[in-house]
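Numbered from 1 within each chain, the chains take letters A, B, ... in sequence-line order.
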Amino acid sequence: MPKQVRVRFAPSPTGYLHVGGARTALFNWLFARHHGGKFILRIEDTDFARSSREMVEGILEGLRWLGLTWDEGPYFQSQRLEHYRSFAGRLLEKGMAYRCFCKMDESAERKNGYRDEAAGDAALHECARLNAEDSGRRAAAGEAFAIRFKIPPEKTFFRDHVFGRIEVENKILEDFVLIRSDGIPTYHLVVVADDVDMGITHVIRGADHISNTPKQVLLYRAAGEPLPEFAHLPLILGPDKQRLSKRHGATSVMAYAQTGYLPDAFFNFLALLGWSPGDDREILTRRELTELFSLKGVGKADAVFGLEKLDWFNSQYLRNASAGTLKELALKELEAAGIGDSGPESLDAKLELLKGRIRKLSDFSTVFRAFFSDDFEYDPDACKKFLKDPKLKEWIPALYALYLAAGEFTLESAEAILRGLAERQGIKAGLLINAVRVGLTGQGVAPGLFDIMQVLGRQRTLARLERLGGYLNRTISN
RNA sequence: GUCCCCAUCGUCUAGACGGCCUAGGACACCGCGCUUUCAAUGCGGCAACACGGGUUCGAAUCCCGUUGGGGACGCCA
């Protein structure tokens with residue numbers, strides 16, 4: 001038990017950090033923090049053609065956004081090529097691997113052959129039969145070769161913290177390539193070589209790696225190394241239960257950052273996707289999550305990535321955000337939307353008003369745009385609902401005149417004036433209130449009308465009332 | 001095709017030892033209350049153990065099968 005926990009997140013930089021990868025990283029991070037261990041970041045970039053520096057940056061950016069700090073790394077496999085070659089070299093010497101002189105396309109053909117022949121001996125690669133002298137001679141003569149691992153007979157099994165015992169017949173495993181003919185090592189080799197080198201104690205990764213695991217177990221055995229513990233995480237699916245992909249919308253974590261989700265909310269949401277603390281709690285801080293996290297709470301069934309609940313988490317976090325952070329976030333959002341010059345003097349008051357109804361940061365520049373900019377549209381639905389009474393054409397200018405003439409413009413006076421007008425006209429105040437709301441905010445959904453007036457100020461309120469009057473004149477014919 | 005895995009409300013899930021489950025919570029949805037709209041909030045509602053066999057006094061929980069879904073079968077990771 002005294003052995004320190006060491007886990008790693010090992011993405012390949014062939015794409016951005018997607019939600020599945022983020023969840024894997026998150027669980028590793030939680031596990032490491034829970035046990036006071038180390039969380040190591042390793043970049044699996046041995047596929048030179050598809051890897052790029054940009055993708056590495058993108059992945060780091062995503063991890064940082066989520067607050068998944070790493071203790072070691074990032075290590076780059078492209079810089080550790082010698083380690084892998086010597087690892088493979090040792091297996092070659094021990095006769096546990098062999099040189100394969102097949103051309104690449106030849107092995108592709110043979111591959112197809114295997115499938116038709118219902119496995120069996122066909123899986124025995126012919127290069128495995130080459131004797132050591134011939135093999136050595138051809139290599140010395142400069143003939144290109146790959147190094148394949150020789151799958152031993154019998155069965156292989158391993159214990160998984162979430163799936164239990166998994167066993168396979170070795171004959172379904174084919175002699176896989178360790179080192180490509182260009183000298184670059186492949187996945188299975190680099191993973192185990194590095195996990196051994198880096199002292200990884202727990203391999204926590206996606207369930208799509210379950211079927212790779214037996215091959216890796218064999219590699220550990222061949223190298224005479226003890227097995228790490230394994231925990232495979234159920235996959236994250238799209239709403240149609242298919243593997244999550246771009247078809248389902250954003251899969252990149254940073255896309256969520258840009259849409260206005262709070263990292264804490266995203267973190268909390270992701271933590272509960274495939275894992276449960278065992279009770280009914282849902283809103284949990286990182287600290288609580290860290291304390292509660294355990295592999296035992298990880299479920300086996302794949303989980304659907306559902307946006308509604310994410311939105312709910314986000315609104316919860318937004319609601320509880322301190323005035324300071326909310327302000328900072330709002331400013332950033334407004335700036336990104338190109339809204340910046342509309343009376344930030346009352347920003348605090350506006351945010352206080354909006355706080356409880358925001359679901360995403362992007363709401364600042366969309367549904368609540370009118371609070372920060374004079375450049376906004378009337379929502380068609382709101383117009384249909386609240387601007388249909390023809391008499392509004394008279395009432396709104398009348399209200400405008402009253403506000404213009406009034407000596408003061410306070411919350412109380414503004415309300416008293418409006419209600420007075422309604423009373424004299426023998427109509428319900430709500431009729432005016434709702435219409436004015438559309439005029440001031442463009443929406444049928446907003447905080448209390450008189451609060452809005454205060455926050456907008458007399459000038460803007462009057463200007464918008466004027467604009468509303470114009471709109472009514474144009475749309476209501478009599 | 002072959003191998004591996006999974007299966008509780010539409011979604012995320014609770015459900016250690018089978019009885020406390022006429023299956024709990026949350027999101028979403030639908031009512032009602034509040035209200036100046038919406039949101040928030042309060043209350044209430046709808047809604048699931050995939051199916052079929054066993055084992056057992058008793059199964060969502062154990063076993064087998066079926067169906068459905070997912071994953072893996074690269075000189076990708």
Side-chain angles (χ1 to χ4, degrees), chain A residues 10-15 44-47 49-51 77 100 102-105 107-108 111 114-116 118-119 144-148 160 163-164 166-169 171-174 176-188 190-191 206-214 232 234-235 237 239 241-243 269 272-283 296-297 299-313 315 319 354-359 367 382 385-386 415 418-419 428-438 441 443-450:
Chain A
S12 68
T14 52
E44 312 225 322
D45 57 350
T46 51
D47 183 348
R50 296 196 302 149
S51 299
Q77 295 186 322
C100 171
C102 297
K103 294 282 177 286
M104 276 207 245
D105 42 354
S107 39
K111 175 91 217 134
Y114 289 160
R115 297 195 187 194
D116 301 337
F145 63 87
I147 296 179
R148 282 183 189 274
D160 188 281
F163 291 98
I166 292 178
E167 178 180 275
V168 298
E169 299 273 354
K171 68 180 177 194
I172 67 154
L173 272 18
E174 286 164 24
F176 57 94
V177 170
L178 257 19
I179 302 278
R180 296 185 267 224
S181 47
D182 60 3
I184 305 303
T186 64
Y187 172 68
H188 294 296
V190 297
V191 171
D208 49 342
H209 285 290
I210 287 180
S211 48
N212 287 328
T213 308
H232 287 91
L235 267 19
L237 273 23
K241 306 250 183 179
Q242 295 295 302
R243 190 172 204 172
F269 172 67
L272 260 26
L273 212 51
W275 174 79
S276 162
D279 57 29
D280 290 340
R281 285 183 292 172
E282 302 213 278
I283 298 290
K296 283 199 208 73
K300 296 181 184 181
D302 293 342
V304 170
F305 185 76
L307 269 1
E308 297 96 349
K309 195 139 185 181
L310 171 59
D311 283 349
W312 176 75
F313 270 107
S315 64
R319 188 157 304 141
L354 263 19
K355 191 173 179 175
R357 34 210 349 133
I358 291 281
R359 287 182 86 76
V367 276
K385 196 169 172 194
F386 300 122
E415 177 161 7
L418 183 143
R419 285 187 188 282
K428 286 177 63 176
L431 189 61
L432 284 180
I433 289 171
N434 291 328
V436 172
R437 172 177 294 109
V438 178
T441 68
Q443 303 287 320
V445 179
L449 183 66
F450 305 104

Discussion item. Is A:Arg148 close enough to B:C75 that one of its side-chain N or O atoms is under 4.0 Å from OP1 or OP2 there?
Written reply: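 Checking A:Arg148 against B:C75: at least one side-chain N or O falls below 4.0 Å of OP1 or OP2.
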
Fill in: side-chain N/O A:Ser315 vs B:A39 OP1/OP2, d < 4.0 Å
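Negative; the distance criterion is not met.
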
Rounded to whole angstrom, note down the [atom1] distance from [N] over to [M].
N	M	atom1	answer
B:A28	B:C20	P	31 Å
B:C49	B:A7	P	16 Å
B:C46	B:G54	P	33 Å
B:U67	B:A23	C1'	24 Å
B:C6	B:U66	C1'	15 Å
B:C32	B:A48	P	24 Å
B:U61	B:C9	P	14 Å
B:A39	B:C29	P	9 Å

Fill in: A:Tyr187 ring center near A:Phe176 ring center (under 6.0 Å)
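Judged by ring-centre distance (under 6.0 Å), A:Tyr187 and A:Phe176 do not meet the cut-off.
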
Checking all strands, does [X] fall into the base, sugar-phosphate, or nothing category for heavy-atom contacts under 4.0 angstrom?
X	answer
A:Ser51	nothing
A:His209	base
A:Arg281	nothing
A:Ala207	sugar-phosphate
A:Thr186	sugar-phosphate
A:Gln242	sugar-phosphate
A:Phe386	sugar-phosphate
A:Pro447	base

Round to the nearest Å and state the distance from [X] atom [atom1] to [N] atom [atom2].
X	N	atom1	atom2	value
A:His232	B:G70	NE2	P	20 Å
A:Asp208	B:C6	CG	C1'	14 Å
A:Leu173	B:G71	CG	P	20 Å
A:Arg357	B:U41	CZ	P	12 Å
A:Leu449	B:U36	CG	P	12 Å

Any idea which of [options] is nearest the [X] side chain?
X	options	value
A:Ser211	B:A72, B:A40, B:A77	B:A72
A:Ile166	B:C3, B:U37, B:C5	B:C5
A:Arg419	B:U36, B:C4, B:A28	B:U36
A:Phe163	B:C73, B:C5, B:A39	B:C5
A:Arg243	B:G70, B:A77, B:A40	B:G70
A:Ile210	B:C75, B:U37, B:C4	B:C4

Discussion item. Checking A:Ile433 against A:Leu418 for the side chain to side chain contact (heavy atoms under 4.5 Å, CB included) test, could you report, in this order, the C-alpha distance in whole Å, the side-chain angles of both residues, the deciding distance, and whether it holds?
Written reply: CA-CA 8 Å; A:Ile433 289 171; A:Leu418 183 143; 3.7 Å; yes

Worksheet item: Mapping A:Glu415 and A:Leu235 onto RNA chain B by nearest heavy atom, which one lands closer to the 5' end?
Response: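 The 5'-side residue here is A:Glu415.
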
Discussion item. I want to confirm an ordering. Mapping A:Leu310 and A:Lys385 to their closest nucleotides on RNA chain B, which one lands closer to the 5' end?
Written reply: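 Looking at RNA chain B, the more 5' nearest nucleotide goes with A:Leu310.
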
If we call it a pair only when both distances are under 3.5 Å in a Watson-Crick or G-U wobble match, what pairs with [N]?
N	answer
B:A59	none
B:U37	none
B:A48	none
B:G18	none

Fill in: Under-4.0 Å salt bridge between A:Lys309 and A:Glu282
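Yes, A:Lys309 and A:Glu282 are salt-bridged.
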
Item to complete: May I ask you to say whether A:Asp208 pairs ionically with A:Arg243, meaning some side-chain N is under 4.0 Å from a carboxylate O?
Response: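 Salt bridge between A:Asp208 and A:Arg243, a charged N being under 4.0 Å from a carboxylate O: yes.
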
Item to complete: At under 4.0 Å between heavy atoms, which parts of nucleotides 7-23 of chain B does protein reach? Answer with one letter per nucleotide, 5' to 3': B base, S sugar-phosphate only, - none.
Response: S---SBSS---------

Worksheet entry | Base of B:A77 paired with side chain of A:Asn212 (donor-acceptor, under 3.5 Å) |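 Indeed, a donor on one side and an acceptor on the other fall under 3.5 Å apart.
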
